[in-house]
Amino acid sequence: MLGKVGIWSGQFDFSPAGTVREAVAELDELGYSTLWTGEVKGREVLVTAGLMLGVTSRMTIATGIAQILARNPLTMAAGQLALAEANPGRFLLGLGVSHAELMHIRGAVYSRPLAQMRAYLDEMDRMAAEQYRAVPPAGPQPRVLAALGPKMLGLARDRADGAHTYFVPPEHTAHARELLGAGKLLVPEQAFVLHTDPAQARELARRHTGSYLRLPNYTNNLRRYGFTDDDLAGAGSDRLVDTIVPWGDVDVLLGRIKEHLDAGADQVAVQVLDFDRRGLPRRQWRELAPALLSL
């Protein structure tokens, strides 16, 4: 069971492994059902998932996302199957093509994302069926695709168990549910600042939005929902910032989570931002737990 609320964090790369183990074990003890983490230029995400699975007993660990061009299809399939066999029912593989900028760093060619993902899934399935020789997990294993536009959401519907969306308003969640249909998993990420001073909260929020507004995948998607060039300039207008990164007390977050759930999300993966650029928001995770886990 994924639960209605999970935790999403990309901050673990900035802490030593011992601190990561301690923080993840605490999330498990607090009762959070799912922890999502991704990869950019830090730890290899399947290694991170194994580290996290090793210190938890109940929580599902999900990749949001594992970059397909960072590893060949057999390596991805082998990683998924090995983690799933060792931790039954507790690993969810999220796959994504990522962004041209990050693929260039890896020396990979980012060309036609939809075609690349479709071909990758074909080869991954073939390798899992024909080449993987270790003890397999029991039954088929779930996977979701990072998807924003209608074509990738369609592929997530047809070739995966659903979609993991990121940097999206609740209106996108409603459209994604329409495209996915019933019975497919939909997990949007939702960033949040647990702080009530508008100036300080928006300053922190803009540290987050500014990095993503440089990536055309996200800006093109936001234009579909009425955001203009003025909204997307720099680190974003107040309107955009308040939409993508709401701020305030726990009731503000609960309200936004409800919007996504009402729009068709199965789970909302909450990314709590912290003023410490390299810190983990452990205080906020503790403070939010009673309210989030009551949903």
Side-chain angles (χ1 to χ4, degrees), residues 8 10 36-41 44-46 48-49 61-84 91-132 140-168 172-173 175-181 183-189 212 214-224 265-267 269:
W8 200 106
W36 293 80
T37 193
E39 65 180 345
V40 182
K41 293 182 283 186
E44 198 277 337
V45 72
L46 300 182
T48 298
I61 303 300
T63 59
I65 49 82
Q67 300 172 357
I68 63 170
L69 300 180
R71 52 189 70 76
N72 69 45
L74 177 56
T75 302
M76 186 76 84
Q80 179 190 27
L81 296 173
L83 289 171
F91 179 63
L92 174 59
L93 180 66
L95 298 168
V97 186
S98 190
H99 305 274
E101 174 183 315
L102 296 176
M103 291 306 97
H104 292 160
I105 291 169
R106 294 182 180 274
V109 177
Y110 179 100
S111 57
R112 299 167 58 220
L114 186 69
Q116 285 180 310
M117 178 61 83
R118 185 181 290 113
Y120 191 92
L121 295 175
D122 289 342
E123 191 66 2
M124 187 178 166
D125 290 347
R126 187 181 74 82
M127 287 291 183
E130 298 177 6
Q131 299 296 335
Y132 186 66
Q141 296 304 307
R143 68 187 179 202
V144 295
L145 305 186
L148 292 176
K151 292 181 180 179
M152 193 65 80
L153 284 164
L155 190 64
R157 176 195 62 220
D158 298 339
R159 297 295 308 279
D161 295 280
H164 175 44
T165 60
Y166 191 95
F167 209 74
V168 296
H172 182 274
T173 298
H175 291 159
R177 174 51 69 198
E178 289 177 10
L179 287 165
L180 289 172
K184 290 293 183 176
L185 189 65
L186 175 57
V187 182
E189 170 270 351
Y212 292 102
R214 297 195 299 267
L215 300 170
N217 308 51
Y218 293 121
T219 55
N220 291 340
N221 185 59
L222 290 170
R223 286 189 175 93
R224 297 184 180 110
D266 295 290
Q267 180 186 85

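- For the pair Asn221 and His172, the minimum side-chain heavy-atom distance is below 4.5 Å.
- Each of Leu121, Ile65, Asp161 was compared with Leu145 under the side chain to side chain contact (heavy atoms under 4.5 Å, CB included) criterion, and only Leu121 meets it.
- Judged by distance alone, the side chain of Gln267 and the main-chain N or O of Leu186 form no donor-acceptor pair under 3.5 Å.
- A donor-acceptor pair under 3.5 Å is formed between the side chain of Glu39 and the backbone N or O of Gln67.
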(request) Output, in order, the C-alpha distance, side-chain angles, deciding distance and verdict of side chain to side chain contact (heavy atoms under 4.5 Å, CB included) for Phe91 and Gln80. (result) CA-CA 8 Å; Phe91 179 63; Gln80 179 190 27; 4.1 Å; yes
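- Heavy atoms only, all atoms of each residue included: Tyr120 and Arg71 are closest at OH-O, 2.9 Å.
- Pairing each heavy atom of Val187 with each of His164, the nearest pair is O-ND1, 2.8 Å.
- Panel note: side chain Arg157, backbone Leu179; a donor-acceptor pair is recorded below 3.5 Å.
- Here Leu155 contributes atom CG and Met117 contributes atom CE; the two are 7.0 Å apart, rounded to the nearest 0.5 Å.
- The backbone N or O of Pro216 sits less than 3.5 Å from a side-chain atom of Asn220, completing a donor-acceptor pair.
- Summarising the geometry, atom CZ belonging to Arg159 is positioned 10.5 Å from atom CE belonging to Met124; distances are rounded to the nearest 0.5 Å.
- Side-chain atoms of Thr63 come within 3.5 Å of backbone atoms of Gly94 as a donor-acceptor pair (strictly under, hydrogens ignored).
- Across all non-hydrogen atoms, the minimal contact from Leu92 to Pro142 is CD1-CB, 3.7 Å.
- Phe167 and Leu222 get closest at one heavy-atom pair: CE2-CD1, 3.7 Å.
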(message) side chain to side chain contact (heavy atoms under 4.5 Å, CB included) for His175 and Val168? Distances and angles first, verdict last.
(response) CA-CA 11 Å; His175 291 159; Val168 296; over 6 Å; no
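- Minimum heavy-atom separation, Leu153 to Ala163: CD2-CB, 3.8 Å.
- Residue-environment remark: CZ (Arg112) stays at or below the threshold of 12 foreign heavy atoms within 6.0 Å.
- Between Ala147 and Met152, the closest heavy-atom pair is CB-CG, 3.7 Å.
- Here the straight-line distance linking atom CZ of Arg143 with atom CG of Leu185 works out to 14.0 Å at 0.5 Å rounding.
- Within the 4.5 Å cutoff, the side chain of Pro150 has heavy atoms near those of the Arg224 side chain.
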(request) Apply side chain to side chain contact (heavy atoms under 4.5 Å, CB included) to Glu123 and Asn72, showing your working. (result) CA-CA 9 Å; Glu123 191 66 2; Asn72 69 45; over 6 Å; no
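- Listed for the Gln116 side chain is no donor-acceptor partner under 3.5 Å among the backbone atoms of Val97.
- When Leu46, Leu83, Val144 are each tested for a side chain to side chain contact (heavy atoms under 4.5 Å, CB included) with Leu93, only one passes: Leu46.
- With values rounded to the nearest 0.5 angstrom, Glu189 atom CD is found 8.0 Å from Thr165 atom OG1.
- Side-chain contact annotation: Tyr218 with Tyr166, donor-acceptor N/O pair under 3.5 Å absent.
- Using a 4.0 Å cut-off between charged side-chain N and carboxylate O, Lys184 and Asp266 make no salt bridge.
- A salt bridge is absent between Asp158 and Arg118; no separation between the charged side-chain nitrogens and carboxylate oxygens falls under 4.0 Å.
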